[in-house]
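Just so it is clear, the model here is predicted, and its values are computed rather than measured.
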Amino acid sequence: MEKVFVGVGCTPGLHPDVMMTAVLRALRKVGLAPDAVGGLATIAQRRDEPAIVLTARHHGWDIQAFSAEALSRVPVPNPSERVRQVMGTPAVAEAAALLAAGTRDPKHLLLEKLVHRDGERRAATVSIARRQSHAKAQHQPL
């Protein structure tokens, strides 16, 4: 089975348990287990955020980090003006998931941005993308 990629964003200082819960909730929502994940993806400014690092480490996933500029060039279904003002891109989770999956096409999102709040003022955002299928190209007659 081809791996999916989980894009994540979070408020600084988010407790790692909240990120872990958010990611597992997102995977359950699309009927996948953690072993279906090829890695986490986020914005460069959050690459070393403990909630992201510890979630990736717990599952043995790599983390890909993208610049705000790269993320801002990805069309997403749920852009946020607030995220644009704070991070310099209208989307983190959706755009990062797509770039990690090797595409900029939003039709490859299995899960659009899911927001999981910690009961205070912090939140995790999670999105899941799949790679573009190359199966059709491989089976076309010569």
Side-chain angles (χ1 to χ4, degrees), residues 1-80 82-84 86-142:
M1 178 176 123
E2 191 143 355
K3 300 284 186 177
V4 298
F5 293 86
V6 178
V8 295
C10 68
T11 311
L14 183 75
H15 194 281
D17 289 347
V18 177
M19 178 61 75
M20 185 84 68
T21 298
V23 170
L24 294 175
R25 180 177 159 221
L27 288 169
R28 271 194 310 272
K29 205 165 172 82
V30 296
L32 294 173
D35 63 356
V37 176
L40 291 185
T42 193
I43 192 166
Q45 294 99 303
R46 295 288 186 261
R47 166 66 180 90
D48 296 320
E49 186 67 36
I52 294 172
V53 172
L54 294 173
T55 297
R57 186 179 299 153
H58 176 81
H59 290 287
W61 299 330
D62 290 331
I63 301 171
Q64 293 182 62
F66 300 97
S67 69
E69 181 182 347
L71 295 171
S72 69
R73 292 192 302 259
V74 178
V76 295
N78 299 291
S80 165
R82 181 165 186 260
V83 172
R84 181 192 318 271
V86 173
M87 302 303 295
T89 177
V92 173
E94 289 173 334
L98 288 166
L99 288 179
T103 184
R104 290 180 47 202
D105 187 343
K107 75 178 180 187
H108 292 282
L109 287 173
L110 294 176
L111 179 70
E112 292 182 8
K113 178 172 69 175
L114 176 72
V115 179
H116 185 87
R117 300 201 182 281
D118 71 352
E120 295 178 22
R121 300 193 127 177
R122 291 179 293 270
T125 57
V126 182
S127 186
I128 302 173
R130 62 177 166 75
R131 288 197 187 274
Q132 182 173 350
S133 174
H134 297 289
K136 291 178 185 173
Q138 292 172 353
H139 297 327
Q140 290 179 347
L142 299 176

Is there a donor-acceptor pair under 3.5 Å between the side chain of [X] and the backbone N or O of [Y]?
X	Y	answer
Ser80	Pro90	no
Thr11	Ala123	yes
Arg131	Ala101	yes

### Query
Got Asn78 and Glu94 here, is their nearest side-chain heavy-atom distance under 4.5 Å?
yes
Please report the shortest heavy-atom distance between [X] and [Y], naming the atom on each side.
X	Y	value
Thr42	Val8	OG1-O, 2.7 Å
Leu98	Pro106	CD1-CA, 4.0 Å
Ala91	Ala95	O-CB, 3.8 Å
Arg46	Cys10	NE-O, 2.9 Å
Leu110	Val30	O-CG1, 3.5 Å
Val92	Gly9	CG1-CA, 4.0 Å

### Query
Partners of Arg122 by salt bridge (charged side-chain N to carboxylate O under 4.0 Å, His left out), sequence neighbours excluded?
Asp118, Glu120
### Task
In sequence, state the C-alpha distance, the side-chain angles, and the governing distance for Gln45 and Met87, and then conclude on side-chain contact (heavy atoms from CB on, under 4.5 Å).
CA-CA 8 Å; Gln45 294 99 303; Met87 302 303 295; 3.9 Å; yes
Can you give each donor-acceptor pair under 3.5 Å made by side-chain atoms of residues 49-72, sequence neighbours left out, with the distance rounded to 0.1 Å?
{"from": "Glu49", "atom 1": "OE2", "to": "Gly13", "atom 2": "N", "distance (Å)": "2.8"}
{"from": "Thr55", "atom 1": "OG1", "to": "Ala51", "atom 2": "O", "distance (Å)": "2.7"}
{"from": "Trp61", "atom 1": "NE1", "to": "Pro34", "atom 2": "O", "distance (Å)": "3.4"}
{"from": "Ser67", "atom 1": "OG", "to": "Ala70", "atom 2": "N", "distance (Å)": "3.0"}
{"from": "Glu69", "atom 1": "OE2", "to": "Arg73", "atom 2": "NH1", "distance (Å)": "3.2"}
{"from": "Ser72", "atom 1": "OG", "to": "Ala68", "atom 2": "O", "distance (Å)": "3.4"}
{"from": "Ser72", "atom 1": "OG", "to": "Glu69", "atom 2": "O", "distance (Å)": "2.8"}

### Task
Quick one: which residue pairs count as a salt bridge (Lys or Arg N to Asp or Glu O under 4.0 Å) with a foot in residues 98-114, not counting sequence neighbours?
Asp105-Lys107
#### Entry: Sequence neighbours excluded, every pair satisfying side chain to side chain donor-acceptor pair (under 3.5 Å) that has a member inside residues 20-33
Arg25-His116
### Query
Going by the side chain to side chain donor-acceptor pair (under 3.5 Å) test, which pairs reach into residues 30-40, not counting sequence neighbours?
none
### Task
Output all residues satisfying side-chain hydrogen bond (donor to acceptor under 3.5 Å, both in side chains) with Arg117, sequence neighbours left out; order by chain, then residue number.
none
